[in-house]
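In what follows, chains carry the letters A, B, and so on, assigned in the order in which the sequence lines appear, proteins first and then strands, with residues in each chain numbered from 1.
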Number of protein chains: 2
Amino acid sequence: MARRATTDGKAGTRGGGRTVTSYDVAQRAGVSQSAVSRCFTTGTSVSPQTRERIMKAAAALGYQPNAIARSLTTKRSNLVAVVVANLGFNPELTATLSRLFASRDLNLLLFTLDHEEDADRVVNQLWQYRVDGVLSATHLPRGHIEQLAKRRVPVVFLNRVYDDIAVNSVCCDQVEGERWLVDRLWAAGHRRFAIVSGPDSSLVSRQRVSGARDRIAALGGDEPAVAIGDFTYDGGRAAMRALAAEARRPDAVICANDMMAIGCIDEIRLEMKLKVPKDMSVVGFDGAAPGRWGSYALTSVRQPVDVMIEAAIDMLTARVDNPAMATEKRVFSGELQIGVSARLG
Amino acid sequence: MARRATTDGKAGTRGGGRTVTSYDVAQRAGVSQSAVSRCFTTGTSVSPQTRERIMKAAAALGYQPNAIARSLTTKRSNLVAVVVANLGFNPELTATLSRLFASRDLNLLLFTLDHEEDADRVVNQLWQYRVDGVLSATHLPRGHIEQLAKRRVPVVFLNRVYDDIAVNSVCCDQVEGERWLVDRLWAAGHRRFAIVSGPDSSLVSRQRVSGARDRIAALGGDEPAVAIGDFTYDGGRAAMRALAAEARRPDAVICANDMMAIGCIDEIRLEMKLKVPKDMSVVGFDGAAPGRWGSYALTSVRQPVDVMIEAAIDMLTARVDNPAMATEKRVFSGELQIGVSARLG
DNA sequence: CTCTTGCCTGCATGCGCATGCAATGTTAGG
DNA sequence: CCTAACATTGCATGCGCATGCAGGCAAGAG
């Protein structure tokens, strides 16, 4: 009956202890291995009494189905690769992701991308593990995106959009958010704008910057000075230092994210010895936690992170079930978060 | 020859596209599947010309070995479960981990634990995926630790120690760090100490608190007032508010971590309208990034996170290779980080 | 009472790869 | 030139589970 001896004491060894397999449970329950398998698979028919006996045997032996073996046959790993950039990634992001994944029986394989060259390694790894999908909060090289598409691995981008290729994405309306900020600053009388951008390689940064700049132009304002940051606190301080050296001191600084806005505020207060927002207004973008701290109380645009992540996971799982589904972009509006870092109208 | 038709166009399907297997590569290269397998396994002998032909065929087909199938036979998944607490976890932690894992060909399965009840789910999942080891930066219930030990899954704790069971751990010397802080504060003339602890359930918090309290007592100081926080900014503010209501206003506040110290500083400055450190000194513990921001410049004890994580991974991999290895504790000294949030002697 | 359905169940097999074993070719030593 | 030792290679098999298929059984229809 048995295809092999289940008591050879060698197979299934792991550092000395045998692992319990469905065969062991089957034997103890006096049923076939298939019955055990069916018992742990949803949507299969097992009689109540059989199920009970199997469950009892399983509990007695401490049996847990081997997800690895399972995914070998089902071609579903229940693993989702999450790719984030090392620098300045949102700490709440992974926590939220993990929580939402758990409720969907998905597991999170985390990759961080320090440099673009790492993309090779990451894409290889996630392919080798046959992840069901990829959720990327960072830019991925075109070639790799195409490769994943060819292999039919669904990919959803979080706050990364590509204008030249069709990819699934969930993002926050950057342009709209910046428009809100500029409008309010303008209404309060600000006319000398400065912008602290993120790196040029970041499309989100470019969108936010052009969103702000375009609105300023539309309102008839002067072309703002731009300093380039790197999305970090130190980058924000350095950018502010650069702006301070300019001939015409700005009265409103628009930062491409909250971390840099915080850096700017510290630079303004501690080095330039000016008051925020009396002497200079500062606004950010993101809704990061430290921006809400009392010392900063940033005026910013809060991204609905939870909603966005939930939407991303939904998009992803839908495409895991149906890989042919059309690519889609979902854009959520942010929420104006009014603090005291800017004089507003 | 072939055990099955590799061209049936059905097996290996994934949403329509066939996946490339070692059989396909073997066929194209005119060798056996074993040769392909050996070619992708280190420590096996394949002649240079065979290897070249196989590699060429593999590249042409875009073949990547299936890690799932591999781990089914090797009983090594190259997956390490990382368990972190949702609240107040160190964002740099996961980034550093991910980076160090990549250099060791390990992959990171991330789990976050909101509530202790989730431990069941998490331990089940990581067991089902047959992870090679577990790295936990949060507390795990005794029962689960024992279960993992019985299953011979190596576990290493980061900054969590257990005094009643033998577990592997890497931590920072909390007591020593607090002693340094207290000594310096004492030398500067502080005598009215207050302590902001973390939750009672946190052993790290208890160690830090008793480290500080014991040193104060040893120096002959009065018993400090204690307010309980939750390791968050808001928790720190609330705790400081509670301390401010006490009859005897402290001149030095010792916080169990940096986030709460930041909260305390904001509360002192913004609500109590006092100066830090002129009117009150504040110290933290961790070396968190925001603590180094100009507005706070926390005096704290920096934990050597990189070194600790590296040590943890080393401990873990050593035990993956040799599960019988004795349990071990490695304690690293922190580094006194002097800011301007405290008057020091 | 017989035949048809439908529900459970076991059997056999495959998922993609690693590996022990045997067979082959290769080279060195005598 | 012959034999031993070695380096490669292929074959067969198993890892643990899911699933198509067919057999068995009970209930319902005629």
In residues 137-146 of chain A, what donor-acceptor pairs under 3.5 Å come from side-chain atoms, sequence neighbours left out?
{"residue": "His139(A)", "atom": "ND1", "partner": "Tyr162(A)", "partner atom": "OH", "Å": "2.8"}
{"residue": "Arg142(A)", "atom": "NE", "partner": "Asp164(A)", "partner atom": "OD1", "Å": "3.3"}
{"residue": "Arg142(A)", "atom": "NE", "partner": "Asp164(A)", "partner atom": "OD2", "Å": "2.7"}
{"residue": "Arg142(A)", "atom": "NH2", "partner": "Asp164(A)", "partner atom": "OD1", "Å": "3.0"}
{"residue": "Arg142(A)", "atom": "NH2", "partner": "Asp164(A)", "partner atom": "OD2", "Å": "2.8"}
{"residue": "His144(A)", "atom": "NE2", "partner": "Asp120(A)", "partner atom": "OD1", "Å": "2.7"}

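- A donor-acceptor contact under 3.5 angstrom links the side-chain atoms of Arg38(B) to the base of dG10(D).
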Side chains of residues 34-42 of chain B: which donor-acceptor partners sit under 3.5 Å, not counting sequence neighbours?
{"residue": "Thr41(B)", "atom": "OG1", "partner": "Ser37(B)", "partner atom": "O", "Å": "2.7"}

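- Residues forming a side chain to side chain contact (heavy atoms under 4.5 Å, CB included) with Thr73(A) (at least two apart in sequence, or on another chain): none.
- Under the 4.0 Å criterion applied to side-chain N and carboxylate O atoms, Asp321(B) and Arg76(B) are assigned as salt-bridge partners.
- Rounding to whole angstrom units, CG of residue Leu72(A) and C1' of dA18(D) are separated by 10 Å.
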Watson-Crick or G-U pairs under 3.5 Å in DNA chain C, rendered as dot-bracket with [ ] for crossing pairs and | for another strand: ||||||||||||||||||||||||||||||
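- Checked against dG10(D), dC11(C), dC17(D), the side chain of Ser34(A) finds its nearest nucleotide in dC11(C).
- Sorted by first and then second residue, the pairs that involve residues 305-318 of chain B and meet salt bridge (Lys or Arg N to Asp or Glu O under 4.0 Å), not counting sequence neighbours, are Arg99(B)-Asp306(B), Arg104(B)-Glu310(B), Arg104(B)-Asp314(B).
- Listed by chain and residue number, Gln174(B), Gln303(B) satisfy the side chain to side chain donor-acceptor pair (under 3.5 Å) test with Asn159(B) (two or more places apart in sequence, or in another chain).
- Each salt bridge (Lys or Arg N to Asp or Glu O under 4.0 Å) pair with one or both residues in residues 59-73 of chain A, not counting sequence neighbours, would appear here, but there are none.
- For the contact set between residues 47-56 of chain B and DNA chain D, defined by any heavy atom under 4.0 Å, the members are Ser47(B), Thr50(B).
- By the side chain to side chain donor-acceptor pair (under 3.5 Å) test, Asp118(A) is found to be paired with no residue, residues two or more places apart in sequence or in another chain being considered.
- Nucleotide dC15(D) holds its P atom 16 Å from the CD atom of Gln33(B), rounded to whole Å.
- Residues of residues 57-71 of chain B having a heavy atom closer than 4.0 Å to DNA chain C, listed by number: Tyr63(B), Pro65(B), Asn66(B), Ala69(B), Arg70(B).
- Not counting sequence neighbours, Thr96(B) has no partner by the side chain to side chain donor-acceptor pair (under 3.5 Å) test.
- If you check every strand for non-hydrogen atoms under 4.0 Å, Val46(A) touches sugar and phosphate atoms only.
- Applying the salt bridge (charged side-chain N to carboxylate O under 4.0 Å, His left out) criterion to Glu328(A), with sequence neighbours excluded, gives Arg319(A).
- Checked against dG10(C), dC17(D), dT19(D), the side chain of Tyr23(A) finds its nearest nucleotide in dC17(D).
- Side chain of Lys75(B), nearest nucleotide from dG20(C), dT19(D), dG16(D): dG16(D).
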